[in-house]
There are 2 protein chains.
Amino acid sequence: MERDLIALCKNKASELEAACRKNGLALTIQRRVILECLASRTDHPTADQVYEDVCVKIKGVSRTTVYRVLETFVSIGLAKKISNPESKARFDADTTRHHHLTCTACGVVLDVFDNDLNNLRLPSGIERDFEITDYSITFTGTCSACSGHRTKDHG
Amino acid sequence: MERDLIALCKNKASELEAACRKNGLALTIQRRVILECLASRTDHPTADQVYEDVCVKIKGVSRTTVYRVLETFVSIGLAKKISNPESKARFDADTTRHHHLTCTACGVVLDVFDNDLNNLRLPSGIERDFEITDYSITFTGTCSACSGHRTKDHG
DNA sequence: TTGTATGCAAAAGGTTTGCAATGAT
DNA sequence: ATCATTGCAAACCTTTTGCATACAA
């Protein structure tokens, strides 16, 4: 159930080319590196976390660009914003259906890949009023690292 | 599958008394009104939206208090922060298990109550590494109001 | 009376915008 | 050459913090 990160990154690189061509967008170095940085992590980074990674790879990129490019990726389907209870956006380069475990203590977000969960029977009647395109389950609880310390710390 | 809003509000009022007593918290007017305002909406308001409502009911409440009290409610189990892809917290006074439909066009969040969805078989093995306390499904798509206009407007 | 909760002001994140300069096509 | 994209600076929005005052118990 693990995902092949190297394959994902390669796929993403060619997806980017295709998506830029299709949408009439320029294939800039910034877009290439930002997508590369996003696709190489599975921990659903915030825009600022992506920015940190990008800075290591190329000099002089601005935070603004990272924020803007990530939004562009979402709008052309190269990435998703994931639902989370924090007050900041988190991004995921894996746009296929999967689910999340979020630790209420430390905030970590782990992936859940499961066939049964990916094929739920939707409640009847709903689709009359709402056109459902996708869904994602967020499991909340405590990760193993935080299970030890019972106090409400954020280490 | 509708929820009885009046009953919910009354329940919440007595829940508040009980929770304050239990946790050694003062039963202030602010806490009473803030919970009242939150419980009387089913649209998962942001802290600022709750603040707006509170201002109508009592004068001179500060935004800070609303933010602080909502966090208090979450910590004593009177409310939940709901997972969403926006960069701001949204709150829900209904702490029982239920799910959400979010319209990607207009952003509205509707509730889904369904017995089957509330009793999913969790993937085996997960609970070894992660202590799951709850879960919630976010369905994404287009609401009936937005289904008409195919353009990506936000009206 | 005692200690918690509130209000204020200010700061701290996180994100967006306007505009000139840069760079991909 | 042209127009989209970037970088910068500043604004904006949401949330948090420190401290003195007010209020519930």
Side-chain angles (χ1 to χ4, degrees), chain A residues 16-35 37-38 44-55 57-76 78-79 81-91 107 152 154, chain B residues 13 16-35 37-38 44-55 57-76 78-79 81-91 107 154:
Chain A
L16 176 61
E17 278 191 61
C20 284
R21 193 159 303 137
K22 183 182 165 194
N23 294 277
L25 300 178
L27 190 55
T28 63
I29 301 109
Q30 287 87 342
R31 282 179 178 151
R32 247 192 284 256
V33 175
I34 291 168
L35 187 59
C37 288
L38 180 62
H44 321 90
T46 64
D48 267 17
Q49 290 177 317
V50 174
Y51 170 68
E52 299 290 333
D53 289 358
V54 169
C55 284
K57 295 218 171 188
I58 47 176
K59 290 268 114 184
V61 176
S62 87
R63 193 184 306 271
T64 309
T65 299
V66 174
Y67 275 83
R68 253 185 313 221
V69 165
L70 287 172
E71 285 302 332
T72 303
F73 288 167
V74 171
S75 73
I76 62 179
L78 285 176
K81 270 186 181 169
I82 72 159
S83 285
N84 74 289
E86 298 171 304
S87 301
K88 54 191 156 189
R90 289 190 169 272
F91 295 86
K152 190 183 156 194
H154 296 267
Chain B
L16 176 62
E17 278 191 62
C20 284
R21 194 158 303 137
K22 183 182 165 194
N23 294 277
L25 301 177
L27 189 55
T28 64
I29 301 108
Q30 286 88 343
R31 282 178 179 154
R32 247 193 285 255
V33 174
I34 291 167
L35 187 59
C37 288
L38 179 62
H44 321 90
T46 64
D48 265 18
Q49 289 176 318
V50 174
Y51 170 68
E52 299 291 333
D53 289 358
V54 169
C55 284
K57 295 217 172 188
I58 47 175
K59 290 267 114 187
V61 176
S62 87
R63 193 182 307 270
T64 309
T65 298
V66 174
Y67 275 83
R68 254 186 311 224
V69 165
L70 287 172
E71 284 302 333
T72 303
F73 288 167
V74 171
S75 73
I76 63 178
L78 285 176
K81 269 186 181 168
I82 72 161
S83 286
N84 74 289
E86 299 172 303
S87 301
K88 54 191 155 188
R90 289 191 169 271
F91 296 86
H154 295 267

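Note on naming: letters A, B, ... go to the chains in the order of the sequence lines (proteins, then strands), and numbering restarts at 1 for each one.
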Mind listing the closest non-hydrogen atom pair of [X] and [Y] along with its distance?
| X | Y | result |
| --- | --- | --- |
| Gln49(B) | His44(B) | OE1-O, 4.5 Å |
| Val66(B) | Ala47(B) | CG1-O, 3.7 Å |
| Thr65(B) | Val61(B) | CB-CG1, 4.4 Å |

Give me the residues of residues 61-69 of chain B where at least one heavy atom lies under 4.0 Å from an atom of DNA chain C, by number, or none.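 Result for residues 61-69 of chain B: Val61(B), Ser62(B), Thr64(B), Thr65(B), Arg68(B), Val69(B), sorted by number.
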
For the helix from dT1(C)-dA25(D) to dT25(C)-dA1(D), figure out the bend between the end axes, five pairs an end, and round to 10 degrees.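 Nearest ten degrees gives 40° for this helix.
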
First and last nucleotide of DNA chain C touching chain A, 5' to 3', heavy-atom cut-off 4.0 Å?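 In short, chain A contacts DNA chain C from dG14(C) to dT25(C).
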
So how far is it from Asp53(A) CG to Ile58(A) CD1, rounded to the nearest 0.5 Å?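 With rounding to 0.5 Å, CG (Asp53(A)) is 12.0 Å from CD1 (Ile58(A)).
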
Can you measure from CG (Leu70(B)) to CZ (Phe73(B)) and round to the nearest 0.5 angstrom?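 Answer rounded to 0.5 Å: 7.0 Å.
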
Using modelled atom types and a 3.5 Å cut-off, is there a donor and acceptor pairing between side-chain atoms of Glu71(B) and backbone atoms of Arg68(B)?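 Judged by distance alone, no pair lies under 3.5 Å.
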
Which residue lies toward the 5' end of DNA chain C, Ser87(B) or Ile34(B), if each is placed at its nearest nucleotide?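 Going by which nucleotide is closer to the 5' end, it is Ile34(B).
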
Check: residues 17-34 of chain B side-chain donor-acceptor pairs under 3.5 Å, at least two apart:
unit_1   : atom_1 : unit_2   : atom_2 : d
Asn23(B) : ND2    : Ala19(B) : O      : 2.7
Thr28(B) : OG1    : Arg31(B) : N      : 3.1
Arg31(B) : NH1    : Ala26(B) : O      : 2.8

In sequence, state the C-alpha distance, the side-chain angles, and the governing distance for Tyr51(A) and Thr46(A), and then conclude on side-chain contact (heavy atoms from CB on, under 4.5 Å). CA-CA 9 Å; Tyr51(A) 170 68; Thr46(A) 64; over 6 Å; no

Does anything in residues 23-30 of chain B come within less than 4.0 Å of DNA chain D? Heavy atoms only, and list the residues if so.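 Residues of residues 23-30 of chain B under 4.0 Å from DNA chain D: Ala26(B), Leu27(B), Ile29(B).
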
For a 4.0 angstrom threshold against heavy atoms of chain A, report the outermost contacting nucleotides of DNA chain D in 5' to 3' order.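 Going 5' to 3' along DNA chain D, contacts run dT5(D) to dT15(D).
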
Any side-chain heavy atom of Ser87(A) sitting closer than 4.5 Å to one from Ser87(B)?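 Ser87(A) does not reach Ser87(B) side chain to side chain.
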
Could you check whether Lys81(B) pairs with Glu86(A) (Lys NZ or Arg NE/NH1/NH2 to Asp/Glu carboxylate O, under 4.0 Å)?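 Here Lys81(B) does not pair with Glu86(A) in a salt bridge, since their nearest N and O are not under 4.0 Å apart.
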
